[in-house]
Amino acid sequence: MRKNLIIISLIFAIPLMAYWMLTASNSTTAKTVQTGKPEVIKFTSAMCLDCQTMNKVFKEIFPKYQDKITLTEIQVQDQNAFNQEQIKKYNVTLVPTIILKNSKGQQVKRLEGEVPKEQMDNYLKGLE
């Protein structure tokens with residue numbers, strides 16, 4: 001009986017510990033700052049495979065835009081006031097969600113789910 005109790009406890013404990021370790025290591029949130037430049041707001045999660053794919057896409061293509069476009073990354077699992085405010089403001093129910101805003105601060109595009117690298121590059125090129 002005691003052996004079964006230990007096994008059941010481990011079944012629940014191991015996934016919780018893994019989730020805690022993944023979310024604790026990615027607890028970075030950039031605060032948005034008005035810069036007069038186009039902005040990309042990326043809602044992501046450490047537990048999401050499509051988010052990991054989009055992170056790789058951004059690592060490849062964003063360096064050529066970093067002087068022209070502001071990138072704000074929001075980890076949805078981080079339960080701080082700023083993140084919750086942004087999630088509510090943009091009605092984010094799915095990750096990854098990427099919001100593209102022009103230099104006037106107007107939302108011009110909303111992307112949900114994985115986007116191919118070439119298509120994402122074209123979206124970033126089109127931001128003014």
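Since the structure is predicted, the reported quantities are computational estimates derived from the model, not experimental observations.
Remark: Cys48 SG to Leu94 CG distance equals 7.5 Å, nearest 0.5 Å. Atom CD1 of Ile69 sits about 4.5 Å away from atom CG of Leu124, to the nearest 0.5 Å. Considering OG of Ser45 and CG of Asp78, their distance stands at 9.0 Å, rounded to 0.5 Å. Atoms CG and CG, from Leu127 and Asn122 in turn, are 11.5 Å apart once rounded to the nearest 0.5 Å. Phe58 CZ to Thr53 OG1: the interatomic distance, rounded to the nearest 0.5 Å, is 12.5 Å. Taking CD of Glu114 as the reference point, atom CD of Gln119 lies at 11.0 Å (rounded to 0.5 Å).
The backbone N or O of Phe82 sits less than 3.5 Å from a side-chain atom of Asn80, completing a donor-acceptor pair.
Between Val108 and Lys101, the closest side-chain pair of non-hydrogen atoms is not below 4.5 Å. Val115 places a side-chain heavy atom less than 4.5 Å from the side chain of Tyr123.
Using a 4.0 Å cut-off between charged side-chain N and carboxylate O, Lys37 and Glu39 make no salt bridge. Under the 4.0 Å criterion applied to side-chain N and carboxylate O atoms, Lys64 and Asp121 are assigned as salt-bridge partners.
Considering Lys42, Arg110, Met120 as possible partners of Leu100, the one that fulfils the side chain to side chain contact (heavy atoms under 4.5 Å, CB included) test is Met120.
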Audit row: Phe62, Leu71, side-chain contact (heavy atoms from CB on, under 4.5 Å) steps and yes/no: CA-CA 9 Å; Phe62 197 76; Leu71 175 65; 3.5 Å; yes
Side chain to side chain donor-acceptor pair (under 3.5 Å) assessment of Gln84 paired with Gln86: CA-CA 5 Å; Gln84 295 306 312; Gln86 295 302 306; over 6 Å; no
Ile41 vs Ile98, side-chain contact (heavy atoms from CB on, under 4.5 Å): CA-CA, chis, key distance, verdict: CA-CA 6 Å; Ile41 304 172; Ile98 300 168; over 6 Å; no
Residue pair Thr44, Ile74: steps toward the side-chain contact (heavy atoms from CB on, under 4.5 Å) verdict: CA-CA 6 Å; Thr44 187; Ile74 297 176; over 6 Å; no
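Between Met54 and Pro96 the shortest heavy-atom distance is CG-CG, 3.9 Å. In terms of heavy atoms, Ile99 sits closest to Phe43 at CG1-CE1, 4.0 Å.
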